[in-house]
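This report refers to the structure that appears directly beneath it.
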2 protein chains.
Amino acid sequence: MVNYPNGRSRAYSTVPKKKKSLTELSVTKKSTSKTKGMVAFGKRGMNFEAEINATNEYYLSRGLAVIHKKPTPIQIVKVDYPQRSRAKITEAYFRQASTTDYSGVYKGHYIDFEAKETQQKTVFPLKNFHEHQIVHMSNVLAQGGIAFVLLHFARLNETYLFPSSCLITFYYEKGGLKSIPLSHIRENGYKIETNHIPRIPYLEIVNKLCEVQ
Amino acid sequence: MVNYPNGRSRAYSTVPKKKKSLTELSVTKKSTSKTKGMVAFGKRGMNFEAEINATNEYYLSRGLAVIHKKPTPIQIVKVDYPQRSRAKITEAYFRQASTTDYSGVYKGHYIDFEAKETQQKTVFPLKNFHEHQIVHMSNVLAQGGIAFVLLHFARLNETYLFPSSCLITFYYEKGGLKSIPLSHIRENGYKIETNHIPRIPYLEIVNKLCEVQ
């Protein structure tokens, strides 16, 4: 177990600090390209993914849920095995994830979600979701899991929990549209009131969803 | 979605073929170092991880469960961004996983497990499990998830499902011992009778565990 200068152990972290920023770059490449570097998330100096990771760490530390971000899938092409030192990957590429980014367990329920942000103000582009992710969410729902997406409108500083069932319906039935209108998200999703701690208290909404089911 | 020569789509696979072998190398480095190359798994020409992945693909394809192997965690150090082509990772290292390798949902239950094999015939070395993985399993159990380890004795060609609760107890209470005796695993675990399809039908044992709980 590695201890970091801030005194917190690495045991609960799935992604190293260094990798986090690279992951963010790869995942939100298009949206960050306009803003260069650190995205101002509601002027709080944290981007959306970091906010969610902080929220998950809070839930874990309080024993409220065990939800982790999966490591970024990497396609490894070349590995060197220098003598007396560990394997060094010398050629690799970021791969498209075939499932969603986050999963875990909350009060016995399987939780599965994807988190995405947009710079748009009135719509959420569907290109943020790949078909195999939609298929994965359908499979999760069929097994009785709880699946959703967290959608962040960066310029509005509004975050919504949008159930995967709604996303799947929209994805297949509104084939012609390339984006989900914000009005549709407001009608069918749940706005998350962001707090100081935890940053994005999405489990409050999950509690509602569990009551509904 | 990428189609492979065997006609199966990539949508259900979390790890590319190339990466799988590298993952296996890194994860089972010590056990494979003696056998060089492909490990003979019960003379069926597949190693343990591949057997489990095949089992999970079977469960997924039949709509029985949605269980995936997490991508191998990689610490990225350097990335090149060549013009007009995708980002190329030029220096990275394998990282120790902070959670378990497999997770998913089965009949609404959260499933979480680690799979390990040994060349030993009478004991299973505890060094296969890191303390943060033990902590993770405890957290999962506290949230009502189902957690276990699949232990494969390669030379005996025997595979056991050993509940995490038993592993955790053994880990903390038998601190002096460096291995779990096979007799203890036989008494407290469940032997999995390997089949042709699915290869390692561990969900049959999970059904028993659910009845017990």
Side-chain angles (χ1 to χ4, degrees), chain A residues 1-2 9-16 18-19 22-23 25-26 29 60 63-66 68 70-77 79 86-99 103-112 130-133 135-136 139-140 142-147, chain B residues 1-2 9-16 18-19 22-23 25-26 29 60 63-66 68 70-77 79 86-99 103-112 130-133 135-136 139-140 142-147:
Chain A
M1 198 183 299
V2 181
S9 84
R10 176 88 146 271
Y12 290 139
S13 171
T14 55
V15 186
K18 185 133 200 170
K19 195 179 161 200
L22 285 161
T23 306
L25 271 176
S26 73
K29 203 176 174 186
L60 185 63
L64 298 173
V66 183
H68 288 283
K70 291 172 201 162
T72 305
I74 306 281
Q75 181 160 15
I76 299 165
V77 177
V79 185
R86 61 181 174 156
K88 180 182 176 182
I89 298 160
T90 55
E91 185 180 350
Y93 300 91
F94 292 104
R95 285 189 52 237
Q96 203 177 69
S98 54
T99 63
S103 67
V105 56
Y106 170 57
K107 293 182 182 173
H109 295 284
Y110 175 78
I111 304 287
D112 193 296
H130 305 290
E131 190 175 7
H132 48 244
Q133 289 182 317
V135 170
H136 171 73
N139 290 338
V140 166
Q143 277 301 319
I146 295 172
Chain B
M1 196 182 299
V2 180
S9 86
R10 175 88 147 270
Y12 290 138
S13 172
T14 55
V15 186
K18 185 133 198 170
K19 195 177 162 201
L22 286 160
T23 307
L25 271 176
S26 73
K29 202 176 173 186
L60 184 62
L64 298 173
V66 183
H68 287 284
K70 291 171 199 163
T72 305
I74 306 281
Q75 181 158 17
I76 298 164
V77 178
V79 184
R86 59 180 175 159
K88 179 182 174 180
I89 299 160
T90 55
E91 185 180 350
Y93 300 91
F94 293 104
R95 286 189 52 236
Q96 203 176 71
S98 55
T99 64
S103 67
V105 57
Y106 170 57
K107 293 182 183 172
H109 295 285
Y110 175 78
I111 303 288
D112 193 296
H130 304 292
E131 190 175 6
H132 48 244
Q133 289 182 316
V135 170
H136 171 72
N139 291 337
V140 166
Q143 276 301 319
I146 295 171

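Order of the sequence lines sets the chain letters (A, B, ...), proteins ahead of strands, with each chain counted from 1. Just so it is clear, the model here is predicted, and its values are computed rather than measured.
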Let me know if A:Ile111 has heavy atoms under 4.5 Å from chain B in its side chain, its backbone, both or neither.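 Neither; nothing under 4.5 Å.
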Close side-chain approach of [X] to [Y], heavy-atom, < 4.5 Å:
| X | Y | answer |
| --- | --- | --- |
| A:Tyr110 | B:Val66 | no |
| B:His68 | A:Lys70 | no |
| B:Tyr93 | A:Ile89 | no |

Below 4.5 Å from any heavy atom of chain A, which atoms of B:Ala142 appear? Answer side chain, backbone, both or neither.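 No part of B:Ala142 comes within 4.5 Å of chain A.
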Region of B:Ser103 that comes under 4.5 Å of a non-hydrogen atom in chain A: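 Looking at B:Ser103, just its side chain touches chain A.
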If we check side chain to side chain contact (heavy atoms under 4.5 Å, CB included) with A:Asp112, which of these qualifies: A:Thr99, A:Val140, A:Asn139?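 In the set A:Thr99, A:Val140, A:Asn139, the residue that makes a side chain to side chain contact (heavy atoms under 4.5 Å, CB included) with A:Asp112 is A:Val140.
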